[in-house]
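Notes follow once the structure below has been shown.
Small disclaimer: the values here were computed from a predicted structure and weren't measured. Just follow the structure's listing: the first ligand is 1, and inside any ligand the first atom is 1.
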Amino acid sequence: MEQSREDTEEQRYTISILVPCYNEESALNLFYERTAAVIDSLQEYDFEILFVNDGSQDNTLSIMQELHQRDKRVSYLNLSRNFGKEIAMIAGIDYLRGDAAIIMDADLQDPPELIPKMIYWWQQGYDDVSAKRSSRAGETFFKKWTSHTFYRILQHLTDIPIQPDVGDFRLLDRQCLDAVRRMRESQRYNKGIFSWIGFRKKEILFARQPRVSGRSKWNYWKLLNLAIEGIMSFSIAPLRMASFMGCLLALLSILYMAYIVIRTLMYGGDVPGYPSLISIILFIGGVQLLFLGIIGEYLGRVFNESKFRPLYFVKDYNGHFVNNQKGRRS
Ligand code: UDP
Ligand code: MG
């Protein structure tokens, strides 16, 4: 098959816009207005806007229903509870029907005006067109710094190239979507998954906007957890570090043991040495606990994955009952 998608004049492509939403009642109508304005101007394509209601406690669902009534391009998927953005995204990917999909946040931090540009590069034959943040308005210096450091660490620990400053805002070709759908791990780190699947990637620059309304659902605790998720699910470097550290300590212990034996043989045994003894015991104990914890992290992951639970449950799709076959593991 040839790369370029332009020469097949006859075919009309459908593009899905996937929007995971959690308590976005204040942003959803604004999002719809601005996105509809953009896609109305793109006459050559058919569009589908798929909202995923990730167990919102506010009026998000009723706004989705209203938009679905008003505009037939709008669909909604109602999950049975809050599963988190990463799972909401795979749920949406399971249900969307487009030849390509654009994943966007509901809070307009990802400007819909970028959609035509993404589609342009898709038509040029790229499979994964991601939007790279050139600036991050409305974010604190500390958040920018932590995110920058995290990407650098992650990059050192994994073999796959992780794209820095690229969020989930991207266009994925059907091939990529199908690839992502085959990865059914329950503890998901989508950014890593998008890198891992490969295909032709293109980055375009944009200035990330502050939220239009509502609050970010992320706090530092959640971000820290996502960071650990990113490292643990794409690298076993921490385990290797444990092995190296273990070897190093064992070597040092042998040297120290030799030193003690020789000293005792030459000068006889001595009772003092309590401070060095206690510091060594504490140090070794600490290192052992740390690495037990790391091993535990991986074991926990094995435990979670081995249950083979479905990733999510759907309450309804456009108001219709669904039998939840799509959330299942392969
Ligand atoms: N989101 C979700 N489930 C969650 C948390 C967030 O679907 O449990 C959605 C949220 O509605 C928004 C997107 O994920 O559309 C990004 O969330 P947010 O704006 O809070 O994150 P930030 O932009 O601060 O990274
Ligand atoms: Mg946001």
**OP:** State the atoms of ligand 1, each with its element, that fall below the 4.0 Å cut-off from a heavy-atom position in Q109.
**Re:** 19 (O), 22 (P), 23 (O)

Original post:
Cation-pi between R200 and Y126: NZ/CZ under 6.0 Å from ring centre and within 45° of the ring axis?
Top reply: yes

**OP:** Could you list which atoms of ligand 1 come closer than 4.0 Å to a heavy atom of E24?
**Re:** 10 (C), 11 (O), 12 (C), 15 (O)

Subject >> Check: Y312/D94 side-chain N/O donor and acceptor closer than 3.5 Å >> reply: yes

Original post:
Side chain or backbone of N23 under 4.0 Å from ligand 1, or both, or neither, by non-hydrogen atoms?
Top reply: neither

Subject >> Which segment of D54 sits under 4.0 Å of ligand 1 when only heavy atoms are counted >> reply: side chain

Original post:
Just checking, R240 and F244: is the charged tip under 6.0 Å from the six-membered ring centre and within 45° of the axis?
Top reply: no

**OP:** Please examine the side chains of P112 and L108, heavy atoms only from C-beta on, and report whether any two atoms are closer than 4.5 Å.
**Re:** yes

Original post:
Is the shortest distance from a Lys or Arg side-chain nitrogen in D128 or K201 to a carboxylate oxygen in the other one below 4.0 Å?
Top reply: yes

Original post:
Between R174 and D178, is there a side-chain N and carboxylate O pair less than 4.0 Å apart?
Top reply: yes

**OP:** Kindly confirm or rule out an N or O of M104 lying under 3.5 angstrom from an N or O of ligand 1.
**Re:** no

Original post:
Which ligand 1 atoms, with their elements, are less than 4.0 angstrom from a heavy-atom of C21?
Top reply: 7 (O), 11 (O)

Subject >> R188 side chain near I90 side chain, heavy-atom distance below 4.5 Å >> reply: yes

**OP:** Tell me which part of K85 gets within contact of ligand 1: side chain, backbone, both or neither, using heavy atoms under 4.0 Å.
**Re:** both

Original post:
Which atoms of the protein, restricted to N, O or S, are nearer than 2.8 Å to the Mg ion (ligand 2)?
Top reply: D107 OD2, Q109 OE1

**OP:** Give the single entry among D105, I87, D168 that approaches atom 16 (C) of ligand 1 most closely by any heavy atom.
**Re:** D105

Original post:
Does a side chain donor of either S16 or E48 reach within less than 3.5 Å of an acceptor in the other side chain?
Top reply: yes

Original post:
What atoms of ligand 1 come closer than 4.0 angstrom to any heavy atom of D107?
Top reply: 19 (O), 23 (O)

Original post:
Are side-chain N/O atoms of E305 and S186 paired as donor and acceptor at under 3.5 Å?
Top reply: yes

Please tabulate, for the side chains in residues 292-300, all donor-acceptor contacts under 3.5 angstrom to protein atoms that are two or more places apart in sequence or on a different chain.
unit_1, atom_1, unit_2, atom_2, d
E297, OE1, R301, NH2, 2.7
Y298, OH, S235, O, 2.7

**OP:** Evaluate the ring planes of W122 and Y45, with Trp represented by its six-membered ring, and classify them as parallel (under 30°), tilted (30 to 60°) or perpendicular (over 60°).
**Re:** tilted

Subject >> ligand 1 N/O within reach of A106 N/O, cut-off under 3.5 Å >> reply: yes

